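Step one of this worksheet: look at the structure below.
Residue numbers start from 1 in every chain, and the chains themselves are labelled A, B, ... in the order their sequence lines are given, proteins ahead of strands. Model, not experiment: these values are computed from the prediction. All values below come from the heavy atoms of this structure, side chains included, with hydrogens, waters and symmetry mates left out.
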Amino acid sequence: MQLLLIHSDYIEYETKKRTPVAEEIESSMKRGCMEDALTAFIAVESYDEADPDDAVKNAATEIRKTAGQVKAGRVMLYPYAHLSSELSKPAVAVDVLKKLEETLSSDYEVKRAPFGWYKAFKISCKGHPLSELSRTLRTGKDVGSEGNKKDVVKEGVEDVGKGAEVVSEALKSEEKAVSHWHILTPDGELLPAEAFDFSEHTDLKRFVDYEISKSRAVDRIPPHVELMKRLEIADYEPGSDSGNMRFYPKGTLMKRLLEEYVIDTVSKRGAVEVETPVMYDMNHPTLKKYLDRFPARQYSIESDKRSFFLRFAACFGQFLMNRDMTISHRNLPLKMVEMTRYSFRREQHGELVGLRRLRAFTMPDMHTLCGAMDSAITEFKNQYVMCMDVLADIGLDRDYEVAIRFTRDFYTDNQEFITELVKTVDKPVLIELWDSRFFYFVIKFEFNYIDTMNKASALSTVQIDVENAERYGIEYTNKNGDQIRPTILHCSPSGAIERCIYALLEKAHLTSEAGGVPTLPTWLAPTQIRLIPIADRHIKYAEGIARAMPGVRVDIDNRDETVGKRIRAAGREWIPYVVVIGDKEVENGVLSITIRAESVKVEETAPKLHERITSETAGMPYRQINLPMMLSQRAIFFG
RNA sequence: GCCGCUGUGGCUUAGCUUGGUAAAGCGGCUGAUUCGUAAUCAGCAGAUCAUGGGUUCGAAUCCCAUCAGCGGCUCCA
């Protein structure tokens, strides 16, 4: 049996039309209503046929328990076929419902909506944490042993009429404002999307298709999934919830480098780093309002008698911190950043693929408090440019399509500013124009990576928030001593770190499809130099070379394998510099180096090679190798 | 969340239609080999065939459920 229990201010229904399985009812049952009732939507299932009385008993227990918790004295039993795809025979269902009504009526005021009728109904859910509960009840122990289950015919259709309405905040926010789609060119020409000539902008075309027509023709596993495993970067973790990944040492190193890079970058531009909790009180007045809009998207945690949700960004913690701060106009723009490890979003199952979209992910989240809109716009521009630089440094220079989304009012006031943004990236961008504001921001942009499967994933983004300063009570003091609400910018300079890795892998795959050599940026390569000593007697010399390479990740393949095989292994790991060391090198002090990116072999001294790599990775973070230097000592994480 | 496909040693896969001792390559271990740029040779170990139930004398194979992955739909602050 499936139960959906709603603690409601009121529930009312009216029968509209009978279905073939309708029970005969008296006119008094044709309509009904009940105030302050626990409404139990019920689907009796084929499993219950084995022991209907037990099903009644279990359901009664469950309803009593919940009614006790929410202190409800009235119960509405409401047959609802849509809760299950394994419905019982109608006769059994009617029998169970009637017995349930009888059982409960000793303690509660009970009403029962008729079975097998199309009904219009209205319900108002109280909305407190216990007000919505669902339960799956299974009778007996030998569940599933009846052989006739598959033969059950779904004819027990009770349905709701067209007047059905569930009043809830979540649903209200589903309303969509109208979007208008355009392309804005660097010359300042604004065209409806369908009028634009995409022939020289195929990636933009794929992006626009994804956004507007939602074309999703796909027939393959995303290429990065195999790569993330084979390169020992990351993998699924069946012991956790889906979308929560494990990261192997190489992947962890890459993540740390990216994280460090982003934090360094924003710090240089004046951001201060903070740390805030990962979970928040579900019933905190400020947070609740915000949360109510998307109740199904959170992970929730019950602890003692309180409910918490896991953050989906750093907004909560930072805004709560901002509210308690004393801020002067002299402090603006005031930037705070956190590398959220993790942010949590319960994305739908079908969306979770590899590293593209996760339920637990690492995201830099920066918030900037600005004064009036003009200073917010100046800051927005700065951060837009910074995001371009960040993606370029990460290795995704111009590998993205731009979307800028704003309200019509904002556009009217700031047309020139938006054209300037487009000029800055110097390529046409997708414009989404809303007639009215229905999010907390008036403008946002994203840089989107478009993969081989034509899926778009947002990387960098900045938004101008005109709502949350008010909601959270954030203020600064202006020159005249007045308390003023700031305008707030939300910025994730790189987007989710895992997603950057996804984009780098997808890009590398694209390169190899096109006949090139797939690579990672040298500053991110888990091993930057692989030394291959030809015989055991060359290992000592190789160790000396490794010691002479400070600030570079070097390892030594000292395994008892042929040179050919070790060369191949280095290639499969995408190691940018591979050095073979034999008698010749030991004698003349020159190294034989294969440069992966250029597919060439060069002869160079160790200091020269060192200088080559340090200049190639200049300005980017360095961390030491995250595995034993000797390959013979390494365990295998995958494969 | 819904619909469909898939799940076999650490990895990649054969076997499943038509039920009857689970097969191979890679990887691992042991030994030989000390090697000059994309897979050295030989031997050994390693699998409750995703999990739970059912049908059957007998299930990797047929049926049901669950879990996970993938694809589609839906959704996306």
Expressed as a whole number of angstroms, how long is the span from [X]:[atom1] to [N]:[atom2]?
{"X": "Asp365(A)", "N": "A77(B)", "atom1": "CG", "atom2": "C1'", "result": "12 Å"}
{"X": "Arg230(A)", "N": "C26(B)", "atom1": "CZ", "atom2": "P", "result": "18 Å"}
{"X": "His367(A)", "N": "A77(B)", "atom1": "NE2", "atom2": "C1'", "result": "11 Å"}
{"X": "Glu232(A)", "N": "G27(B)", "atom1": "CD", "atom2": "P", "result": "14 Å"}

With rounding to whole Å, what would you report as the distance between [N] and [M] at their [atom1] atoms?
{"N": "G7(B)", "M": "A14(B)", "atom1": "P", "value": "8 Å"}
{"N": "U18(B)", "M": "U48(B)", "atom1": "C1'", "value": "26 Å"}
{"N": "C64(B)", "M": "G25(B)", "atom1": "P", "value": "36 Å"}
{"N": "G58(B)", "M": "G20(B)", "atom1": "P", "value": "15 Å"}
{"N": "G15(B)", "M": "G53(B)", "atom1": "C1'", "value": "25 Å"}
{"N": "A59(B)", "M": "G52(B)", "atom1": "P", "value": "14 Å"}
{"N": "G27(B)", "M": "U6(B)", "atom1": "P", "value": "30 Å"}
{"N": "G46(B)", "M": "A23(B)", "atom1": "P", "value": "13 Å"}

Problem - Residue Lys455(A), side-chain heavy atoms: nucleotide from G69(B), C70(B), G72(B) that is nearest - result: G72(B)
Exercise for the section: With the side chain of Tyr210(A) defined as its heavy atoms from C-beta on, choose the nearest nucleotide among C76(B), A77(B), G71(B). Expected result: C76(B)
Practice task
Scan Gly354(A) against the nucleic acid and name what it touches under 4.0 Å (heavy atoms): base, sugar-phosphate only, or nothing.
Solution key: sugar-phosphate
Exercise for the section: Could you tell me whether Phe441(A) and Phe406(A) have their ring centroids closer than 6.0 angstrom? Expected result: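 No, the ring of Phe441(A) stays outside the 6.0 Å limit from the ring of Phe406(A), centre to centre.
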Problem - Aromatic centroids of Phe637(A) and Phe247(A) separated by under 6.0 Å - result: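 No; Phe637(A) has its ring centre 6.0 Å or more from that of Phe247(A).
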Exercise for the section: Please examine the side chains of Ile595(A) and Tyr577(A), heavy atoms only from C-beta on, and report whether any two atoms are closer than 4.5 Å. Expected result: yes
Fill in the blank from the handout: Whether each nucleotide of nucleotides 28-43 of chain B has a protein heavy atom under 4.0 Å at its base (B), only at its sugar-phosphate (S) or at neither (-) is summarised, 5' to 3', as S---BBBBBBBBB---
Exercise for the section: Please assess Tyr280(A) against Phe308(A) for the test ring pair (Phe, Tyr, Trp, His ring centres under 6.0 Å), listing each intermediate value before the final yes or no. Expected result: CA-CA 5 Å; Tyr280(A) 293 89; Phe308(A) 298 92; 9.1 Å; no
Practice task
Decide yes or no on ring pair (Phe, Tyr, Trp, His ring centres under 6.0 Å) for Tyr449(A) and Tyr400(A), but give the supporting numbers first.
Solution key: CA-CA 5 Å; Tyr449(A) 184 80; Tyr400(A) 50 83; 9.3 Å; no
Problem - side-chain contact (heavy atoms from CB on, under 4.5 Å) partner of Ile488(A), the single match among Thr368(A), Leu369(A), Asn322(A) - result: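 Exactly one pass, corresponding to Leu369(A).
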